[in-house]
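One-based numbering along the sequence shown.
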Amino acid sequence: MEKQMIDTLVGVLDKRMNRQLKQYMDICARCAICKDACHQYVATQDIKYLPARRAELIREIYRKYFTKTGEFLPALFEARDPDDNMMDELYDSTYACTGCRRCTFYCPFSIDNAWVTATAKGLLIAAGRGNEILGELTDAALFKGDNMEMFGPIIADGFRDQEKELREEYGRDIPIPVNKQGADILYVALAGAHSIKPAAVIFDEAGANWTISMFEAANYGFFYGDPAKAKLIADRYMHEAKRLGVKEVVITECGHAYRVAEMFYEAWAKEKMPFKVRHILEVIDDYIADGRIKVDPKAIKERVTYHDPCQIGRNGGIFEQPRNIVKALATDFVDMTPNREKQWCCGGGGGIVAMDEFDKVRIKSGDPKVAQIRATGATVLACPCENCRLQINELNQVHDLGLRIVPVMELVVEAMVPKGTHPAAQ
Ligand code: SF4
Ligand code: SF4
């Protein structure tokens with residue numbers, strides 16, 4: 001690797017070297033407790049997927065350029081320059097990491113290896129080795145947002161078509177308000193009717209003052225590892241939220257989009273937003289608790305289990321609201337073991353479902369999740385993240401699990417007691 005490129009990579013690392021990252025670089029005890037926490041290592045037993053090994057590659061550069069011992073005695077202190085072999089290994093282990101942070105939960109020092117792999121993505125992008133497909137999807141999203149005069153009418157037509165479908169399905173008007181000034185809620189959905197129609201039914205039933213905008217929740221810039229582009233993608237709906245004067249932004253059933261909006265955006269924008277951000281399941285849980293919507297407690301009689309998507313659960317702190325909802329409408333709910341903070345990643349996060357080159361490790365790394373699901377005996381799996389659903393659908397086919405895998409919103413709509421028949425409507 002040329003000196004100029006090495007200097008560039010060291011410069012990228014230097015720019016990201018805050019106290020937190022320095023601590024992660026300095027304190028790993030090499031206890032290897034994290035190896036039993038990572039679904040990829042557990043399923044493959046391949047050293048490159050061991051969480052501490054992933055981080056070790058960055059540590060080798062760190063020691064060489066950010067510590068005196070590594071600078072002067074590199075062989076003794078395991079310090080080295082980045083080279084092409086290192087970048088190859090870094091690419092494989094970094095883009096395979098789903099960012100689930102199960103390793104962080106089990107690490108005695110809470111070393112956030114997902115944070116370290118985010119740093120690794122920055123290095124890979126600077127070296128021209130960022131994942132191609134994630135890069136293209138990121139740029140496509142930016143292009144779409146920059147060309148709304150072209151895409152806007154197509155998106156608006158899609159909303160109108162969905163309203164027609166809702167009218168046919170429910171025999172009444174269920175509006176999908178677009179860019180409604182003064183709405184209380186800006187609902188940020190994924191592209192596709194599955195993310196919009198159930199929410200429209202629920203908001204309508206609850207009598208919510210809501211709107212949708214032209215901009216969707218998915219953020220490939222986040223998966224790709226480019227915070228500047230990730231911010232630009234999120235800017236679109238955040239700026240709309242400000243322009244429309246909403247009180248809250250509600251993110252659809254999507255893990256990474258929720259974290260981007262709730263946990264990263266204000267830091268990226270260096271600005272406090274004049275509204276709160278909530279996940280749609282937090283809102284629905286409140287609607288049910290407040291009697292604004294009513295669900296039949298015996299609506300779903302099959303055994304139901306719930307998958308905690310890593311970005312919503314372990315990384316987002318939303319554990320009870322989805323369980324409250326599912327328990328309110330199913331007679332036979334069984335939690336997986338372990339669950340909540342300890343839930344196994346399904347193997348489909350971090351954008352890995354979009355990268356064919358990782359298909360083999362992705363499917364294999366679903367083994368712990370398959371065992372968990374099987375042990376519940378459930379035939380319905382409620383799951384509020386699109387990437388998890390894609391992955392578990394594939395696991396369902398590969399392992400013949402016989403599961404119905406559904407977003408929580410769809411179960412709510414399935415179980416909803418028709419308008420006019422519950423106390424809130426009297
Ligand atoms: S569990 Fe933490 S301290 Fe132990 S090897 Fe893994 S990252 Fe290092
Ligand atoms: S964040 Fe998840 S996939 Fe990545 S190393 Fe940790 S446990 Fe493994």
Hey, is [X] close enough to [Y] for a salt bridge, meaning N to O under 4.0 Å?
X	Y	result
Glu216	Arg236	no
Lys242	Glu271	yes
Lys3	Asp81	no
Arg80	Glu60	yes
Glu89	Arg54	no
Arg404	Glu302	yes
Arg323	Glu320	no
Glu266	Lys276	no

For [X], is the [atom1] atom crowded, meaning more than 12 foreign heavy atoms sit under 6.0 Å from it?
X	atom1	result
Glu149	CD	yes
Gln45	CD	yes
Gln20	CD	yes

Quiz prompt | Sequence neighbours excluded - side-chain hydrogen bond (donor to acceptor under 3.5 Å, both in side chains) pairs with any residue from residues 218-234 | solution =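 Sorted result for residues 218-234: Asp139-Lys229, Lys231-Asp235.
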Exercise. Sequence neighbours left out, what pairs pass side-chain hydrogen bond (donor to acceptor under 3.5 Å, both in side chains) with at least one residue falling in residues 350-367?
Key: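 Qualifying pairs, neighbours excluded: Tyr91-Glu357, Asn131-Glu357, Asp359-Arg362, Arg362-Gln391, Arg362-Glu394, Lys364-Asp367.
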Indicate yes or no: at least one non-hydrogen side-chain atom of [X] is less than 4.5 angstrom from one of [Y].
X	Y	answer
Cys254	Cys385	no
Val277	Ile251	yes
Ile312	Pro384	yes
Ile202	Tyr287	yes

Verify, without hydrogens or angle tests, whether [X] (side chain) and [Y] (backbone) share a donor-acceptor contact under 3.5 angstrom.
X	Y	value
Thr305	Leu381	no
Arg389	Ala382	no
Thr376	Ile373	yes
Asn339	Met336	yes
Asn147	Phe143	yes
Arg292	Ile288	no

Distance-only check: which donor-acceptor pairs under 3.5 Å involve side-chain atoms of residues 342-355, not counting sequence neighbours?
{"residue": "Gln343", "atom": "OE1", "partner": "Lys369", "partner atom": "NZ", "Å": "2.7"}
{"residue": "Gln343", "atom": "OE1", "partner": "Gln372", "partner atom": "NE2", "Å": "3.1"}
{"residue": "Gln343", "atom": "NE2", "partner": "Asp308", "partner atom": "OD2", "Å": "3.0"}

Self-check item: Stepwise side-chain hydrogen bond (donor to acceptor under 3.5 Å, both in side chains) check, His194 with Glu410
Solution: CA-CA 8 Å; His194 68 291; Glu410 269 184 30; over 6 Å; no
Self-check item: Smallest separation among heavy atoms of Ala328 and Val295, with atom names
Solution: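 Here Ala328 and Val295 meet closest at O-CG2, 3.7 Å.
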Quiz prompt | salt bridge (charged side-chain N to carboxylate O under 4.0 Å, His left out) partners for Lys68, two or more places apart | solution =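 Lys68: salt bridge (charged side-chain N to carboxylate O under 4.0 Å, His left out) contacts with Glu71.
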Quiz item: Does any donor atom in the side chain of Tyr187 or Thr252 lie under 3.5 Å from an acceptor atom in the other side chain?
Solution: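 Side-chain D/A pair, Tyr187 to Thr252: present.
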Self-check item: Set of ring pair (Phe, Tyr, Trp, His ring centres under 6.0 Å) partners for Tyr62, sequence neighbours left out
Solution: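 Applying ring pair (Phe, Tyr, Trp, His ring centres under 6.0 Å) to Tyr62 gives Phe66.
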Quiz prompt | Where at least one partner belongs to residues 233-264, residue pairs that pass ring pair (Phe, Tyr, Trp, His ring centres under 6.0 Å), sequence neighbours excluded | solution =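 Counting only pairs at least two positions apart or across chains, the ring pair (Phe, Tyr, Trp, His ring centres under 6.0 Å) contacts touching residues 233-264 are Phe222-Phe264, Phe223-His256, Tyr258-His279, Phe264-Trp268.
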